[in-house]
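Everything on this sheet refers to the single structure shown next.
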2 protein chains.
Amino acid sequence: MAPREQEHPALNDVELVTVLSALAEPTRLRIVRMLAAMEGERAWKDIDLPIAQSTLSHHLKILRNAGLVQNRTEGTRCFISLRDAELEGRFPGLLESVLECRDTALARESEEPASPEKHGATEGSSVPAAT
Amino acid sequence: MAPREQEHPALNDVELVTVLSALAEPTRLRIVRMLAAMEGERAWKDIDLPIAQSTLSHHLKILRNAGLVQNRTEGTRCFISLRDAELEGRFPGLLESVLECRDTALARESEEPASPEKHGATEGSSVPAAT
DNA sequence: TTCGTAATTCGATGTTCGTCGAACATCGAA
DNA sequence: TTCGATGTTCGACGAACATCGAATTACGAA
């Protein structure tokens with residue numbers, strides 16, 4: 001990365017409101033979903049969203065401070081990953097329930113209509129479909 | 001209540017971010033916990049928190065719009081209750097995981113210091129549980 | 001060393017949010 | 001009808017937030 005090594009809080013020092021606040025923002029929720037959709041890490045550069053780099057950095061910092069993600073530095077670039085296992089220990093079921101929910105509007109808005117493939121993914125509950 | 005009957009959204013129209021935003025505020029989370037701690041409804045007047053009435057009304061409106069609570073009007077007063085069953089249908093496990101988590105700071109701040117228990121760590125989960 | 005790339009920090013801007021007191025609307029009771 | 005109690009709405013205020021572009025830091029490569 002660029003400046004200095006990042007700090008990651010111990011999960012026990014993280015409050016529930018902090019986590020909820022971090023997740024309560026469309027862009028950040030999108031990032032979390034993106035990370036959850038894949039195993040392991042994701043390169044910073046590969047997170048492409050229609051926002052400025054500085055904004056993305058800002059959101060990642062908030063997610064980091066909330067204990068939701070962690071980043072590993074390798075040379076000049078860094079890789080982000082979800083702290084899902086630890087999270088499960090501190091807030092049992094929380095992340096899972098957030099991810100499991102197929103948010104209608106958000107899903108519609110965050111997925112590109114460009115990819116012809118259908119990411120079935122969320123199985124189970126089919127959202128009542130737009131009427 | 002005072003002016004006119006309240007509106008309650010259908011849970012399917014509620015987005016996840018809306019719910020998370022509603023919960024991501026200490027006072028509101030406290031209200032939700034308070035409602036969850038008891039079965040059934042709670043009189044508006046009995047929700048006493050160190051905030052102005054107008055502020056409480058504002059928070060309840062946000063919780064209402066997020067589909068988290070509902071209120072029943074009876075004469076001039078109203079009773080608030082959690083829409084837990086419906087919530088469970090729309091966001092499975094979410095409310096439960098939020099309630100189950102013993103938030104250190106918040107718990108300390110919202111619970112009476114009356115219980116001399118020592119509950120050292122957070123993961124112990126000595127939550128009364130109401131599953 | 002110098003250059004370029006990668007990510008963070010800084011400063012500024014406009015918006016949203018929590019909070020309050022005052023004014024208002026609605027109902028039951030006198 | 002008048003009065004009092006109960007919530008809600010309205011303006012206003014300061015704090016916090018999302019966003020951006022520019023400056024900065026850190027590293028690898030030439």
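In what follows, chains carry the letters A, B, and so on, assigned in the order in which the sequence lines appear, proteins first and then strands, with residues in each chain numbered from 1.
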Query raised in the report: Is the shortest side-chain N/O distance from Asn71(A) to OP1 or OP2 of dT8(C) below 4.0 Å?
Result: yes
Query raised in the report: Counting only side-chain N and O atoms of Arg77(B), is one of them less than 4.0 Å from OP1 or OP2 of dG28(C)?
Result: no
Query raised in the report: Rounding to a whole Å, what distance do you find between Trp44(A):CH2 and dT9(C):P?
Result: 11 Å
Query raised in the report: What integer distance in Å separates Glu25(B):CD from dC17(D):C1'?
Result: 14 Å
Query raised in the report: Can you tell me the Watson-Crick or wobble partner of dC17(C), both distances under 3.5 angstrom?
Result: dG14(D)
Query raised in the report: Are any side-chain N or O atoms of Arg33(B) and backbone N or O atoms of Ala37(B), one a donor and one an acceptor, separated by less than 3.5 Å?
Result: no
Query raised in the report: Can you find a pair of side-chain heavy atoms, one from Leu99(A) and one from Val32(A), that are under 4.5 Å apart?
Result: yes
Requested in this report: For Asp48(B) and dT6(D), give me the distance from atom CG to atom C1', rounded to whole Å.
Outcome: 15 Å
Requested in this report: Hunt down the Watson-Crick or G-U wobble partner of dC27(C), both distances under 3.5 Å, from any strand shown, or write none.
Outcome: dG4(D)
Report task. Could you tell me the separation between the CG atom of Asp46(A) and the P atom of dA6(C), rounded to a whole number of Å? Result -> 11 Å
Report task. Show your reasoning for whether side-chain hydrogen bond (donor to acceptor under 3.5 Å, both in side chains) applies to Asn65(B) and His8(B). Result -> CA-CA 7 Å; Asn65(B) 288 146; His8(B) 294 96; over 6 Å; no
Query raised in the report: Within a strict 4.5 Å, meaning less than it, do heavy atoms of the Leu16(A) and Leu23(B) side chains meet?
Result: no
Requested in this report: Would you kindly confirm whether Met34(B) and Phe79(B) end up in one hydrophobic cluster when ILVMFWY residues are joined by side chain heavy atoms under 4.5 Å apart?
Outcome: no
Query raised in the report: Which nucleotide sits closest to the side chain of Lys45(A): dA7(C), dC20(C), dC27(D)?
Result: dA7(C)
Query raised in the report: Among residues 53-66 of chain B, which contact DNA chain C at a heavy-atom distance under 4.0 Å?
Result: Ser54(B), Thr55(B), His58(B), His59(B), Ile62(B)
Report task. Select one nucleotide: of dG21(D), dG7(D), dC27(D), the one nearest the side-chain heavy atoms of Ala52(A). Result -> dG21(D)
**Report entry** CA sep, side-chain torsions, deciding dist, call: Leu56(B), Ile31(B), side-chain contact (heavy atoms from CB on, under 4.5 Å)
**Finding:** CA-CA 9 Å; Leu56(B) 175 55; Ile31(B) 294 173; 3.7 Å; yes
Query - Whole-Å gap separating P (dG18(C)) and CD1 (Ile31(B)) - result: 11 Å
Report task. Quickly work out the Phe79(A) CZ to dA6(C) C1' distance and round it to whole Å. Result -> 11 Å
Query raised in the report: Between Arg72(A) (CZ) and dA26(D) (C1'), how many Å, whole number?
Result: 17 Å
Query raised in the report: Between Glu7(A) (CD) and dT9(C) (P), how many Å, whole number?
Result: 11 Å
**Report entry** Heavy-atom donor-acceptor pair, Arg64(B) side chain to Asn71(B) backbone, under 3.5 Å
**Finding:** no
